Protein chains: 2
Amino acid sequence: MPTAEFDDVLAALDAGRRSRRTVMSTSADRAARQVREEVVEGRLRSGTRLPEERLAAAIGVSRNTLREALSQLVAERILVREPNRGVVVATPGPDDIRDLYAVRIVVEPGALEHGPGLTDARLAALRAAVDEGRAALANDDLDGVASANQHFHRAVVAVARSPRLDALMDLLLAEMRLVFHSMGDPGAFHTPYLEDNARICDLLEAGDRDAAARHLAGYLSRARDHLLGAASGRG
Amino acid sequence: MPTAEFDDVLAALDAGRRSRRTVMSTSADRAARQVREEVVEGRLRSGTRLPEERLAAAIGVSRNTLREALSQLVAERILVREPNRGVVVATPGPDDIRDLYAVRIVVEPGALEHGPGLTDARLAALRAAVDEGRAALANDDLDGVASANQHFHRAVVAVARSPRLDALMDLLLAEMRLVFHSMGDPGAFHTPYLEDNARICDLLEAGDRDAAARHLAGYLSRARDHLLGAASGRG
DNA sequence: ATTGCCGGATTGTTCAACAACTGCCATGCT
DNA sequence: AGCATGGCAGTTGTTGAACAATCCGGCAAT
């Protein structure tokens with residue numbers, strides 16, 4: 001009896017079952033993911049209404065199931081529910097931008113300064129995000145720059161080694177993408193901050209976490225004002 | 001034509017309509033609120049399963065509607081969904097405690113240090129929470145002490161003047177209550193920290209925000225270890 | 001131009017149903 | 001006795017249809 005092999009297979013199957021369960025999850029989650037994707041990718045623009053019946057048919061789930069998905073996205077502030085009128089893609093205003101940056105200015109520098117997970121691997125991830133952004137810029141790939149920027153900030157928060165903060169940051173970044181889309185993001189918005197990211201990397205590699213955190217806080221409030229100016233100009 | 005007055009009335013009515021809509025909200029939200037209340041008040045204890053049919057009947061709402069409510073609470077991490085087995089009241093473990101405090105250690109001192117809303121009114125609210133806690137302690141009202149402590153930390157985050165951070169803190173505090181209940185909270189847990197809260201108030205009133213933030217961070221990590229010790233002892 | 005009203009469309013909510021899955025018990029086999 | 005098999009009841013995941021309440025647009029009437 002090759003018990004060892006057999007137990008391995010058993011464990012593998014169990015892992016497969018578990019992951020399939022959490023990956024596939026319920027169809028409500030899948031529907032939520034699909035709609036979220038459409039929104040953050042900008043294919044569903046701010047203010048567009050999402051009629052339940054048609055959307056449910058399009059995704060291929062029941063209206064009840066879709067409602068569960070929509071409720072979740074409303075909780076994430078990606079959609080807004082107007083009672084008796086349905087859900088629409090949120091249109092973040094100046095207050096939202098201020099609030100988003102208020103959270104980021106508390107969370108991101110805090111993670112850099114006090115996070116217990118500033119390992120070599122995570123430093124490398126930060127540096128990689130910077131390189132990714134530079135490479136994208138060299139290719140005139142503005143979407144790539146924006147994407148790399150998100151990777152950078154996600155990596156910043158990862159230093160806190162907190163699943164809850166990671167999840168929070170994902171929500172914030174999704175909302176940020178909505179902000180950019182809702183103001184017809186040229187995508188060029190992020191390029192000036194690439195060098196700030198690089199500087200933060202330098203400071204961290206030099207071991208000066210306080211300075212890195214301060215630089216990040218300052219750069220975030222600069223970016224907020226930059227964004228607010230652009231929003232009032234266009235929005 | 002008193003247009004100015006009229007417009008004021010108009011705006012007031014509009015605000016009323018908006019608030020009534022969000023206050024009454026849907027019955028799914030009401031159901032979620034009821035279940036959440038039962039959980040954070042400790043009447044539904046960790047690990048108890050919540051069969052959809054009976055619960056729906058008890059609340060007086062359809063099973064579909066209840067499912068929307070439960071999904072929301074699962075997203076808040078107050079309940080856990082076990083696929084095909086239903087939802088149960090979450091039982092936070094040591095990892096959850098560590099994570100909760102990781103978030104708090106980033107958010108709360110950050111709010112004290114950098115929050116733009118440290119007005120006299122908010123300082124008074126902090127001081128009031130301290131007084132409330134002392135009064136409760138004098139009355140041997142341990143629940144009152146715990147409640148006052150929550151008020152204090154909510155007031156701390158309020159300094160950031162960020163609706164999103166306020167909402168986040170509410171979630172964290174709800175989870176904290178679940179932690180305390182799940183380890184048979186004696187309620188006495190909070191009393192040693194009353195004086196820390198008072199000290200933080202003193203420092204803030206003296207204008208030393210940095211020191212206040214540092215003290216809060218230190219006290220939070222002390223509380224975390226205290227709690228982890230108690231949890232491994234009993235849990 | 002404002003008001004009042006009606007019809008179409010959509011949401012909020014319920015009910016009933018069914019397949020898939022879980023846990024458990026009893027059956028049967030060794 | 002001990003163990004696997006299979007069936008059985010109970011729950012969940014999901015669907016479809018229904019209905020009142022509400023909202024929007026237009027149309028008529030004043």
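Below, chains carry the letters A, B, ... as their sequence lines are ordered, and counting in each starts from 1. Computed from a prediction, not measured in an experiment: that's the story for all the values here.
Applying the side-chain hydrogen bond (donor to acceptor under 3.5 Å, both in side chains) criterion to B:R49, with sequence neighbours excluded, gives no partner residue. Take A:E108 and apply the side-chain hydrogen bond (donor to acceptor under 3.5 Å, both in side chains) test, not counting sequence neighbours, and it matches A:R104, A:H153. Residues passing the side-chain hydrogen bond (donor to acceptor under 3.5 Å, both in side chains) test with B:R54, sequence neighbours excluded: none. Not counting sequence neighbours, A:Q150 has no partner by the side-chain hydrogen bond (donor to acceptor under 3.5 Å, both in side chains) test.
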How would you summarise protein contacts on nucleotides 11-18 of chain D per nucleotide, using B for base, S for sugar-phosphate only and - for none, with heavy-atom distances below 4.0 Å?
SSBBBB-B

Which pairs of donor and acceptor atoms, one on a side chain in residues 168-182 of chain B, lie under 3.5 Å apart (sequence neighbours left out)?
from, atom 1, to, atom 2, distance (Å)
B:D170, OD1, B:R154, NH1, 2.2
B:E175, OE1, A:R164, NE, 3.1
B:E175, OE2, A:R164, NH2, 2.7
B:R177, NE, B:V40, O, 3.4
B:R177, NH2, B:E41, OE1, 3.4
B:R177, NH2, B:E41, OE2, 3.4
B:H181, ND1, B:V40, O, 3.4
B:H181, ND1, B:R177, O, 3.1
B:S182, OG, B:V179, O, 3.1

